[in-house]
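Presented below is the structure to which this report refers.
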Amino acid sequence: MAELVVRELTPTFGAEITGLAPSIPLDDETLRRLRELFDEKSLLVFRDFHIDRAFQYYLSYALIGKEPPAQDPTNNPKRESLISNKEKGAIAPFGRLLWHSDMMWCEDACELLSLYGLDVGQPAPPTLFVSAAQAWKTLPADLRARVEGRIAEHVHDISYERSGGDTDVLTAKFDDDDCTRLPVARRHPRTGQTLLYVCQQMTSAIADMPKAESDELLEALFQHLYDPQNVFEHAWRKNDLVIWDNLALQHARPNVQVEGPSRTLRKTFAPMPDSLKTRLPQFANAGAV
Ligand SMILES: [Fe+2]
């Protein structure tokens, strides 16, 4: 078994791990310890970690105890999932991203996301994280009473409405309008934690509530979720692997500029929802909408 050294990143979530030697497969005991850490901490960071796409893909599925599909759908140059301000055809090539969990609008949830620093100039804009599990645990009683038993409606992207006039905010436009309805207090399918499952980028409304009341309630929930005291900021370096629970945590980023330092991050989804395998949205700044 690998001698893993664990350093807590915040009092409530996140751990930096050293001592892992990447190999496929990992031995059972190391894998058991990593899964335990992932379920407990929701966010694992490995720095100066020299891995290839195959290990990133393997670890993404191994941490949630699922067999990876034999064929990685992004393992071809045309569909490779890169977050980049330099690479052609990359995801989210510029702009500020509001808080979200990827694909909240999907029924078939994506449980885990990872990013690996392929080309990172300095200072590269960070990725920000908050815990939806912690937000539910600490939700004030009055807000909890207002959302208990309620359903939230999620759409692809409502960033423009939520941009607050910030024209750097990135919006993503899909060619259809998927949406889904899920409990505001959502049970995590693997850990059983209760999550405050609404987000700034995709939650359009609390169902069966007048719009003004729904808007006001969502704003109060966002104030609580995104309290700056609860935010962890990952400052990118080349060869960082950051791997997180896409349901238990939400992520965001400040503005990324095409002419800024290189920021090319290789992304994995586990599992990758079917609805993302064949298409990508069009990206635009809120200022251009
Ligand atoms: Fe995202």
Side-chain angles (χ1 to χ4, degrees), residues 13-14 42-45 56 60 64 73-74 79-85 87 89-106 108-118 120 124-133 135 154-160 162-163 166 168-174 178-180 182 186 195-204 222 225-226 231-236 240-256 263-273 275-277 279-286:
F13 71 93
S42 305
L43 167 73
L44 304 182
V45 174
Q56 187 179 355
S60 299
I64 56 171
T74 64
R79 287 290 307 160
E80 190 174 43
S81 290
L82 295 178
I83 309 290
S84 178
N85 58 346
E87 296 291 327
I91 306 171
F94 50 83
R96 172 183 156 217
L97 289 171
L98 299 184
W99 288 105
H100 65 285
S101 288
D102 275 24
M103 292 154 291
M104 240 188 195
W105 41 267
C106 245
D108 49 344
C110 173
E111 287 184 50
L112 176 149
L113 296 174
S114 78
L115 291 174
Y116 181 69
L118 288 177
V120 181
T127 300
L128 313 178
F129 296 93
V130 291
S131 168
H154 309 289
V155 297
H156 281 146
D157 195 322
I158 195 161
S159 295
Y160 179 63
R162 299 266 163 73
S163 65
D166 180 351
D168 291 332
V169 167
L170 185 68
T171 64
K173 189 172 164 16
F174 285 78
D178 294 332
C179 63
T180 192
L182 292 164
R186 186 178 185 192
L195 312 172
L196 178 54
Y197 206 65
V198 292
C199 82
Q200 197 182 25
Q201 191 190 64
M202 298 174 195
T203 306
S204 55
F222 295 155
L225 252 169
Y226 311 133
V231 174
F232 171 72
E233 185 170 314
H234 177 74
W236 281 101
D240 284 350
L241 175 67
V242 178
I243 192 158
W244 73 95
D245 186 316
N246 180 49
L247 303 178
L249 302 186
Q250 293 186 23
H251 57 287
R253 76 173 190 207
N255 191 26
V256 167
R263 189 179 185 279
T264 298
L265 311 173
R266 184 174 61 210
K267 184 169 185 176
T268 65
F269 307 78
M272 185 180 228
S275 51
L276 213 67
K277 285 179 184 160
R279 61 181 183 166
L280 279 180
Q282 297 290 318
F283 295 103
N285 280 130

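Each ligand, and each atom within it, is numbered from 1 in the order the structure gives. For the numbers below, each heavy atom of this structure counts, side chains included, while hydrogens, waters and symmetry mates do not.
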task: Given side chain to side chain contact (heavy atoms under 4.5 Å, CB included), test Val231 with Phe129 step by step and report yes or no.
output: CA-CA 6 Å; Val231 174; Phe129 296 93; over 6 Å; no
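- For the Fe ion (ligand 1), the count of nearby protein N, O or S atoms, meaning those under 2.8 Å away, is 3.
- Ring-centre distance between Phe222 and Trp99: not below the 6.0 Å cut-off.
- Ser159 and Thr171 share no side-chain donor-acceptor pair at under 3.5 Å.
- When only modelled atom types and interatomic distance are considered, Thr264 and Glu87 share no side-chain donor-acceptor pair under 3.5 Å.
- Side-chain contact between Val256 and Ile83 is absent, with no heavy-atom pair separated by less than 4.5 Å.
- Evaluation of the side-chain contact (heavy atoms from CB on, under 4.5 Å) rule for Ser204 yields Glu153, Val155, Ile158 as partners, not counting sequence neighbours.
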